[in-house]
Colleague: 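Here it is, the structure, as structure tokens.
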Amino acid sequence: DSYSTEYWREFRDLHGRDLLDFGAGLCKVRPFLEERGMNCLDFEPYRIDPTGKVGTPSPLYSKVMAKMFLDEIATGRPFTSIFLASVLNSVPFPQDRMAVLAIVNALSSKDTVIYGTCRDISDFNYEYGGVRNANYFVFDTEPGVRIGDVMRNPKVQKFHTKEEADTMFS
């Protein structure tokens with residue numbers, strides 16, 4: 001554990017104890033934070049069943065976990081902080097991005113702080129490790145949209161300009 005007790009005290013002071021990881025990816029952050037005394041909830045619409053085939057989202061498992069999430073937020077559970085780590089990169093259409101932000105807003109109180117990040121347009125041609133592992137096709141719907149990994153796991157990504165990010169997160 002590379003983080004000190006002091007680090008986690010400062011983390012709690014800054015973010016509070018009641019956290020939401022919205023768009024949780026592989027859903028590994030919640031258990032990590034819970035081990036450190038946080039009350040964390042996560043939401044990921046494309047869940048991978050931990051007992052199933054690795055790397056393949058399970059529609060059935062995703063529905064079960066979404067229902068559990070909806071049941072939990074129906075209790076009125078408050079959040080001190082909500083995190084959206086690159087969630088809006090996975091939402092290719094502007095009106096859908098605004099809908100995601102509206103949902104996050106509805107999950108917030110006047111005291112909730114929302115932390116959002118996104119990959120910007122300068123990453124559009126970037127490949128991890130400098131090696132192009134998959135082909136991608138550029139969409140002409142708006143700047144910065146591409147679909148990649150078409151043969152195995154197609155995924156649309158939107159890379160944002162600074163102005164787009166400023167508009168979304170303001």
Colleague: Tell me which pairs pass side-chain hydrogen bond (donor to acceptor under 3.5 Å, both in side chains) where either residue lies in residues 63-75, with sequence neighbours left out.
Modeller: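 Passing the test, one end in residues 63-75: K67-D71, E72-R77.
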
Colleague: Rounded at 0.5 Å granularity, tell me how far SG in C40 sits from CD in E35.
Modeller: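 Taking SG in C40 and CD in E35, the distance rounds to 11.5 Å.
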
Colleague: In the hydrophobic clustering that connects Ile, Leu, Val, Met, Phe, Trp and Tyr at side-chain heavy-atom distances below 4.5 Å, which members other than V91 occupy its cluster, ordered by chain and number?
Modeller: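 Joined to V91, directly or through intermediates: L20, F22, L41, F43, F69, L70, I73, F79, I82, L84, V87, L88, M98, V100, L101, I103, V104, L107, I114, M168, F169.
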
Colleague: Would you name the heavy atoms of P92 and V145 that are closest together and state the gap between them?
Modeller: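 Taking every non-hydrogen atom into account, O-CG2, 4.2 Å.
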
Colleague: Looking at every heavy atom in both T167 and S170, which two are closest together, and how far apart are they?
Modeller: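 Shortest heavy-atom separation between T167 and S170 comes out as O-OG, 3.2 Å.
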
Colleague: If you round to the nearest 0.5 Å, how far is CG of L33 from CZ of R12?
Modeller: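 CG of L33 is found 10.5 Å from CZ of R12.
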
Colleague: CD1 of I48 to CE of M65: how many Å apart, nearest 0.5 Å?
Modeller: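 The distance works out to 13.0 Å.
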
Colleague: What residues form a salt bridge (Lys or Arg N to Asp or Glu O under 4.0 Å) with E6, not counting sequence neighbours?
Modeller: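 Per chain and number, E6 pairs via salt bridge (Lys or Arg N to Asp or Glu O under 4.0 Å) with R9.
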
Colleague: Could R119 and F159 be counted as a cation-pi pair, given that NZ or CZ must be under 6.0 Å from the ring centre and within 45° of the axis?
Modeller: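 Not flagged: R119 not positioned over aromatic ring of F159.
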
Colleague: Suppose the criterion is ring pair (Phe, Tyr, Trp, His ring centres under 6.0 Å): which pairs have a residue in residues 83-119, not counting sequence neighbours?
Modeller: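 Counting only pairs at least two positions apart or across chains, the ring pair (Phe, Tyr, Trp, His ring centres under 6.0 Å) contacts touching residues 83-119 are H15-F83, H15-Y115, F83-Y115.
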
Colleague: For the side chain of R17 and the backbone of T80, is there at least one donor-acceptor N/O pair under 3.5 Å apart?
Modeller: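 Absent.
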
Colleague: Assess whether side chain to side chain contact (heavy atoms under 4.5 Å, CB included) is satisfied between S90 and K155, documenting all intermediate values.
Modeller: CA-CA 8 Å; S90 297; K155 183 167 184 173; 3.4 Å; yes

Colleague: Would you list the atom pairs, donor with acceptor, under 3.5 Å between side chains in residues 24-32 and any protein atom, with sequence neighbours excluded?
Modeller:
| from | atom 1 | to | atom 2 | distance (Å) |
| --- | --- | --- | --- | --- |
| R30 | NE | D42 | OD2 | 3.4 |
| R30 | NH1 | E34 | OE1 | 2.9 |

Colleague: Hey, is the main chain of R47 close enough, under 3.5 Å, to the side chain of S62 for a donor-acceptor pair?
Modeller: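 Yes, S62 side chain to R47 backbone: donor-acceptor pair under 3.5 Å.
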
Colleague: Between the side chains of K158 and E142, is the shortest nitrogen-to-carboxylate-oxygen separation below 4.0 Å, so that they form an ion pair?
Modeller: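 The answer is yes: the pair qualifies as a salt bridge.
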
Colleague: Closest heavy-atom contact between I121 and P143?
Modeller: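 So the minimum-distance heavy-atom pair works out to CD1-C, 4.3 Å.
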
Colleague: Looking at every non-hydrogen atom in both residues, tell me the closest pair between I147 and P154 and how far apart they are.
Modeller: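 Scanning both residues completely, I find the closest heavy atoms to be CD1-CB, 4.1 Å.
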
Colleague: Among the clusters formed by ILVMFWY side chains lying less than 4.5 Å apart, do L14 and Y7 turn up in the same one?
Modeller: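 Yes, one cluster joins them.
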
Colleague: Can you confirm whether the side chains of T51 and D49 place a donor and an acceptor under 3.5 Å from each other?
Modeller: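 D49 and T51 do have a side-chain donor-acceptor pair below 3.5 Å.
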
Colleague: Just do the side chain to side chain contact (heavy atoms under 4.5 Å, CB included) check on R36 and F11 with the steps written out, would you?
Modeller: CA-CA 10 Å; R36 283 145 186 88; F11 183 95; over 6 Å; no

Colleague: Can you tell if the side chain of N89 reaches within under 4.5 Å of the side chain of H160, non-hydrogen atoms only?
Modeller: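 N89 vs H160: side chains touch.
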
Colleague: Applying salt bridge (Lys or Arg N to Asp or Glu O under 4.0 Å), name anything that partners E44, two or more places apart in sequence or on another chain.
Modeller: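 Testing E44 for salt bridge (Lys or Arg N to Asp or Glu O under 4.0 Å), a comparison that skips the adjacent residues, returns none.
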
Colleague: Give a yes or no on whether Y46 and V64 share a hydrophobic cluster (residues Ile, Leu, Val, Met, Phe, Trp, Tyr; joining criterion: side-chain heavy atoms under 4.5 Å apart).
Modeller: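 Cluster IDs for Y46 and V64 differ.
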
